[in-house]
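Below is one structure, written out as structure tokens; comments come after it.
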Amino acid sequence: MAGADLHTHSTASDGAHAPADVVRLAAAAGLDTIALTDHDTLSGVVAAARQGTVDGVRVIAGAEFSVAAPWGEMHLLGYFLPVADDRLAAFLAGQREARTERMREIVRRLARAGVPLSLEAVQDEAGGDALGRPHAARALVRGQYVAGMSAAFERYLGWGRPAFVPKQLPGLEAVTALVREVGGVTSAAHLKGRGTRPALERLRASGVDALEVRHPAHDPERTASLDRLATDLGLLRSGGTDWHGEEEADEAGRAHLGTITVPPEWVAALEALHRRRTERGSVT
Ligand code: AMP
Ligand code: FE
Ligand code: FE
Ligand code: ZN
């Protein structure tokens with residue numbers, strides 16, 4: 001059965017598989033469309049798209065931004081992003097630099113907690129340019145400080161744990177404005193219980209275009225509620241597995257590729273908005 005998964009990660013950020021392999025595995029899982037949505041980078045998109053022409057998978061250029069929310073950190077998916085826009089590239093480069101600085105601090109705090117992990121050991125786990133906590137988690141597993149990824153987050157890296165370091169987050173409106181300016185479309189990722197009507201009205205007022213309705217963290221009731229609210233509020237819909245690799249799907253109970261898809265109409269609606277934005281002449 002064909003389908004579209006609009007939330008996937010590769011080694012360009014914290015996924016376990018190279019961009020071309022994500023596409024191969026997507027084809028094998030029966031998908032005809034994916035959005036590659038790595039954290040703070042578009043660097044996997046070109047290789048993924050090239051593989052897509054081989055395997056018959058359409059690859060939508062995406063990224064997952066971290067932005068400030070009233071409750072702390074919120075994730076915002078960007079779709080139909082240009083890979084060669086200078087302003088977007090500069091913004092993403094700044095975010096990645098901040099990730100590297102944050103990782104230095106995570107490593108310092110790990111040392112204080114009695115775990116002598118080096119920044120290099122963390123960087124060795126990263127295949128791309130966007131460093132994240134999963135790389136530290138994998139280095140902790142490799143160094144046999146913990147038994148698995150989940151334990152790494154529970155003991156050291158998760159919120160409130162000894163090596164937790166918050167991100168310096170850009171404002172939501174600054175990011176939605178930037179994405180609009182370059183012709184892209186945004187979707188508020190995995191809102192879970194934060195997806196109440198007043199919260200969604202505020203997101204819409206801040207320039208968010210869509211809601212990630214389908215996600216492994218959304219049970220059927222949550223999915224139905226977000227779907228209804230999106231329709232009521234005139235927001236578009238997206239969804240996907242938030243896949244980071246088959247191993248983690250097994251270990252951390254995350255979704256396997258091909259298990260969460262969205263209908264072609266959802267993709268077409270997101271793309272139509274992208275086309276309207278590029279036709280207006282704000283992007284060449
Ligand atoms: P960061 O962007 O560096 O804060 O890392 C966040 C990423 O860590 C998420 O996108 C997930 O890929 C991963 N993550 C968060 N919590 C867990 C967990 N409990 N187990 C495994 N991976 C996690
Ligand atoms: Fe991630
Ligand atoms: Fe996320
Ligand atoms: Zn994600």
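Counting starts at 1 for both ligands and their atoms, in listed order. None of these values were measured; they are calculated from a predicted model.
If you put the vertex on the Zn ion (ligand 4), OD1 of Asp242 and NE2 of His9 sit 90° apart, to the nearest 10°. Of the angles at the Fe ion (ligand 3), the one spanning OE2 of Glu64 and NE2 of His190 is 110° when given to 10°.
Inspection of the His256 and Glu246 side chains reveals an N or O donor paired with an N or O acceptor under 3.5 Å. A side-chain N or O of His7 and one of Glu64 form a donor-acceptor pair less than 3.5 Å apart.
A salt bridge between Asp227 and Arg237 is present, with a side-chain N of the basic residue lying under 4.0 Å from a carboxylate O of the acidic one. Under 4.0 Å is where a charged nitrogen must lie from a carboxylate oxygen, and between Glu105 and Arg109 at least one such pair does. The pair Asp40-Arg99 meets the salt-bridge criterion, since a charged nitrogen lies less than 4.0 angstrom from a carboxylate oxygen.
Aromatic ring pairs are classed by plane angle as parallel below 30°, tilted from 30° to 60° and perpendicular above 60°; the pair His75 and His39 is perpendicular.
Contact annotation: His39 places no N, O or S atom under 2.8 Å from the Zn ion (ligand 4). Among the atoms of His75, an N, O or S atom is found under 2.8 Å from the Fe ion (ligand 3).
Checking Met149, Arg133, Arg254, Arg138 against atom 22 (N) of ligand 1, the nearest heavy atom belongs to Arg254. The option with the heavy atom closest to atom 8 (O) of ligand 1, from among Ala136, Ser150, Ala137, Pro134, is Pro134.
Take the N/O/S atoms of Glu64: the one nearest the Zn ion (ligand 4) is OE1.
With ligand atoms numbered from 1 in the order given, ligand 1 contributes 1 (P), 2 (O), 3 (O) to contacts under 4.0 Å with heavy atoms of Arg99. Remark: ligand 1 atoms within the under-4.0 Å shell around heavy atoms of Gly132 are 3 (O). Close contacts between ligand 1 and Lys167 involve ligand atoms 1 (P), 2 (O), 4 (O) [criterion: under 4.0 Å to a heavy atom]. Counting the atoms of ligand 1 from 1 in the order shown, those under 4.0 Å from a heavy atom of His39 are 10 (O). Interface of Arg102 with ligand 1, defined as ligand atoms under 4.0 Å from a residue heavy atom, comprises 1 (P), 3 (O), 4 (O).
For His9, no heavy-atom contact with ligand 1 is shorter than 4.0 Å.
For the atom pair Glu212 CD and Ser187 OG, the distance stands at 6.0 Å (nearest 0.5 Å).
When ring centroids are compared, His190 and His218 stay outside the 6.0 Å threshold.
Between the Arg214 side chain and the Ile260 main chain, no donor and acceptor come within less than 3.5 Å of each other.
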